[in-house]
J.: 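Mind having a look at this structure? Questions to follow.
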Amino acid sequence: MTISNIKLKAVWLSAASAALLGFSPVVASESAAQPNILFILTDDQGYGDLERHGHPYLQTPHINRLHDESVRFDNFYVSPSCSPTRAALLTGQHEFRNAVTHTLQPREHLFKDAVTLPQLLKTAGYTTGFIGKWHLGDGPGYNPEHRGFDWCATNTMGPRKHFDPEIIRNGLRTQREGFREDLFFDEAMTFIEEAGDQPFFCYLATYSPHTPLAAPESYIAPFREAGLNDTHATYLAMIENLDTNVGRMLDFLEAKGLDDNTIVIFMNDNGVTEGLDVYNAGMRGCKCTAWEGGSRAMSFWRWPKHWQPQTVDNLTAHLDVLPTLCELAGVEVPETLQPELEGYSLLPLLEAEAPISWNDNRMLYHHVARWPSGLAESHKYAMVSARKGDYLLVRSAPCGDSACEDFQSQCTTLRAVYNGLSTTTYAKGSAQQHWGATPMGHWALYHVKDDPACQQDLSATHPELAASMAASYDFWWDDIYPDMMARGGDAGDPAVSAVASKRAKEWKGPTTDKAQASGEVEAQASVEAGTNAEPRAAMFKRIDANADGQVSSAEYVAFFDAHFSTRDVNADGVLGKDEFPAAAFAYADLNQDDQLTAAEYEDFYRKQFQRRDANGDEVLTLDEM
């Protein structure tokens, strides 16, 4: 697609979005003064995973620079896990309002009728681009191109493919070389260049440092040398790689003359994960907990020559992103949508030169969710919290419903913590602290500014405040529950968490680029010449169907396609691990469901053809075989 075609598409879609939302669009030529917006969201990086936030090992000079040049919201909160945070960011509503109550299907699907930030920005003349991790549902009506994005780029195999991924840009697949996050930032730069003079919104959502963990060896080695184990070393390496890419992006914006009119926002999507036991900025809790460390996030907003760099301590949240960007972009939010938005514009805080009073009585509500499907009602108080000012009201407890015990869920962990568990997800020996349980049926109250480790329960000394916040939580739950249920927030298979956990544990991909090189050689060797050790010359002759002395991609793939049914010993239409070479299986199984469909099988050999085609002329000679 040419740049001019992209622009025409963007303008047409802006008009279409405006008509859908019920007001007139702003054409691109009328919006020259509007700021560009680059929103970078990292996955599973914690608030403390930054040199400026006191991390003892990380060196992050480029994010440090972004921190120093930004308005820094230091009392900023997101949701306890990734899909819920993404839903709130893109709608300005609590994730439950749009049925996002898990990170697994179907409860990570954003309600189809939800109005999204890119849809709104398009009505003001913006071209919109998405790069990276989506995690809000797939299929017709759910993909990013159906939710307001003109330009989309991601990779196949999602978080399970780190090196030399296949990138899908606007539906076109290309095999690429390099580390996935490097390529994501490259894609973002391409989108920005193609936006031309039109104001852009670029949503760049990384997979790093989410598990499975992998990074270039050059980033991992220094942490190993510092004495960290492989898990911690690789996790931190992924963050330092992100730092390098943030630096590349800032340099790119400056080189293109876009620096002064581009707002850069940098955030993480939930609490710390695999780096928990290294450093957590003194906080209690991690991803998927109701504690302070489960949802406190970094939030840096940089706009040179417009906003004075400073630290802001007002209680702010991901819910505020949509109303803020809409105001900055000149979006006329439809009157029907305005009362449904739960966030506030941050513009008064961004423009203030000193601390100001701003929505001081607001409350935020967090629910870890992730209950077994069908059991929402009994999980009203399971792993929940409410915030007001510097106070956190929390119930970190299992649901108490015996039906829940038949399935794996967050309650499984909490029940074990009650019984003395010390090691669990992310916490190796520290589960009693970070996954700690409050007494059943009891709200605990903490002043997190003075006590981020949440050691002193104030509920007995501040009973009126605790009761008031608890009553507000009850009102919130009763209000949001009907919408959540009606829109699918309790749908699906209650056993899905156990299946996902099993797949995660079985992942065997390369963890460094050094391992990747040997892994690909092994995978290719295991399927060399099909299913046997037939000499290359004889194999080449058999594949060369038209006997013209060269093998086309169609001939190559067709030859191996013909062997699919032979490999499928049990004739079930898919190949299991015992029906395909083990070393190659992980590379061929794109969705990691432990079986190869005919499409995945064909895709594997198509990519193998591309790797063998050394000169890129789309045919193989005998030497290339």
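In this text the structure is predicted, and so the values were computed from the model without any measurement.
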J.: Hey, what do you get for CG (Leu117) to CG (Leu89), rounding to the nearest 0.5 Å?
T.: 9.0 Å

J.: Between the side chains of Thr316 and Asn314, is a donor N or O closer than 3.5 angstrom to an acceptor N or O?
T.: no

J.: Please name all residues satisfying side chain to side chain donor-acceptor pair (under 3.5 Å) with Asp44, sequence neighbours left out, ordered by chain then number.
T.: Asn270, Lys287

J.: Report, one line per pair, each donor and acceptor closer than 3.5 Å where one atom sits in a side chain of residues 460-473; sequence neighbours left out.
T.:
| residue | atom | partner | partner atom | Å |
| --- | --- | --- | --- | --- |
| Thr461 | OG1 | Leu458 | O | 3.1 |
| Ser472 | OG | Ser468 | O | 3.2 |
| Tyr473 | OH | Lys380 | O | 2.5 |

J.: Can a donor-acceptor pair be found between the side chains of Ser430 and Asp277 at a distance below 3.5 Å?
T.: yes

J.: Is it true that atom CD of Glu335 has more than 12 heavy atoms of other residues, nucleotides or ligands lying nearer than 6.0 Å?
T.: no

J.: Against the six-membered ring of Phe76, is Arg296 placed for a cation-pi contact (under 6.0 Å from the centre, within 45° of the normal)?
T.: no

J.: Hey, does the side chain of Trp291 reach the backbone of Ser396 with a donor-acceptor pair shorter than 3.5 angstrom?
T.: no

J.: Any luck finding a side-chain donor-acceptor pair between Tyr57 and Asp49 under 3.5 Å?
T.: no

J.: Tell me which donor-acceptor pairs under 3.5 Å the side chains of residues 348-358 have, and how far apart each pair is, sequence neighbours excluded?
T.:
| residue | atom | partner | partner atom | Å |
| --- | --- | --- | --- | --- |
| Ser357 | OG | Asp360 | OD2 | 2.5 |
| Trp358 | NE1 | Ser345 | O | 3.3 |

J.: Ignoring hydrogens and angles, tell me if any N or O in the side chain of Gln456 forms a donor-acceptor pair with the backbone of Asp451 under 3.5 Å.
T.: no

J.: Can you find a heavy atom in the side chain of Trp435 that is under 4.5 Å from one in the side chain of Thr425?
T.: yes

J.: Heavy-atom count around Gln310 CD within 6.0 Å, excluding the residue itself: above 12?
T.: yes

J.: Would you please name every residue forming a side chain to side chain donor-acceptor pair (under 3.5 Å) with Asp490, sequence neighbours left out?
T.: Trp371

J.: Hey, does Thr60 have a side-chain heavy atom less than 4.5 Å from the side chain of Arg52?
T.: no

J.: Looking at every heavy atom in both Asn268 and Gln45, which two are closest together, and how far apart are they?
T.: ND2-O, 2.8 Å

J.: In terms of side-chain heavy atoms, does Asn245 have a donor or acceptor partner in Glu181 at a distance below 3.5 Å?
T.: no

J.: Could you work out, with side chain to side chain donor-acceptor pair (under 3.5 Å) as the rule, every residue matching Glu240, not counting sequence neighbours?
T.: none

J.: Do Ser81 and His102 have side-chain heavy atoms sitting under 4.5 Å apart?
T.: no

J.: Any heavy-atom pair between the side chains of Thr91 and Glu342 that's under 4.5 Å?
T.: no

J.: In sequence, state the C-alpha distance, the side-chain angles, and the governing distance for Arg72 and Asp313, and then conclude on salt bridge (Lys or Arg N to Asp or Glu O under 4.0 Å).
T.: CA-CA 9 Å; Arg72 304 172 291 276; Asp313 288 325; over 6 Å; no

J.: Side-chain polar contacts of residues 476-489 - donor-acceptor pairs under 3.5 angstrom, sequence neighbours left out - could you list them?
T.:
| residue | atom | partner | partner atom | Å |
| --- | --- | --- | --- | --- |
| Asp479 | OD2 | Arg97 | NH2 | 2.8 |
| Asp483 | OD2 | Arg97 | NH1 | 3.0 |
| Arg487 | NH1 | Arg97 | O | 2.8 |

J.: Would a distance-only check, ignoring hydrogens and angles, find a side-chain to backbone donor-acceptor pair under 3.5 Å from Ser497 to Ser409?
T.: no

J.: Classify the ring geometry of Phe184 against Tyr207: parallel below 30°, tilted from 30° to 60°, perpendicular beyond 60°.
T.: tilted

J.: Check for me whether the distance between the ring centres of Tyr126 and Phe201 falls short of 6.0 Å.
T.: no

J.: How close do Trp303 and Pro35 get, heavy atom to heavy atom, and via which atoms?
T.: CZ2-CB, 3.6 Å

J.: Please check if atom CZ in Phe475 has more than 12 non-hydrogen atoms from other residues, nucleotides or ligands closer than 6.0 Å.
T.: no

J.: Any side-chain donor-acceptor pair under 3.5 Å between Asp269 and Thr85?
T.: no

J.: Should Glu69 and Arg302 count as an ion pair when the cut-off is N to O under 4.0 Å?
T.: yes

J.: With a 4.5 Å cut-off on side-chain heavy atoms, are Tyr381 and Asp474 touching?
T.: yes

J.: Would you please say whether a donor-acceptor pair under 3.5 Å links the side chains of Thr438 and Arg395?
T.: no

J.: Any donor-acceptor pair under 3.5 Å linking the side-chain atoms of Glu108 with those of Thr103?
T.: no

J.: Less than 6.0 Å separating the ring centroids of Tyr365 and His94?
T.: no

J.: For the pair Arg387 and Glu292, find out whether any cationic side-chain nitrogen is under 4.0 Å from an anionic carboxylate oxygen.
T.: yes

J.: Report yes or no: do Arg147 and Thr116 form a side-chain donor-acceptor pair below 3.5 Å?
T.: no

J.: Over 60° means perpendicular and under 30° means parallel, so classify the ring planes of Trp301 and Phe73, tilted if in between.
T.: perpendicular

J.: Can you measure from CG (Asp406) to CG (Asp401) and round to the nearest 0.5 angstrom?
T.: 9.5 Å

J.: Could you tell me how the ring of Phe96 sits relative to the ring of His367: parallel (under 30°), tilted (30 to 60°) or perpendicular (over 60°)?
T.: tilted

J.: Using side-chain heavy atoms (C-beta onward) and a distance below 4.5 Å, is Asn36 in contact with Leu38?
T.: no

J.: With a 6.0 Å cut-off on the ring centroids, do His318 and Tyr77 count as close?
T.: no

J.: Ignoring hydrogens and angles, tell me if any N or O in the side chain of His53 forms a donor-acceptor pair with the backbone of Gly48 under 3.5 Å.
T.: no

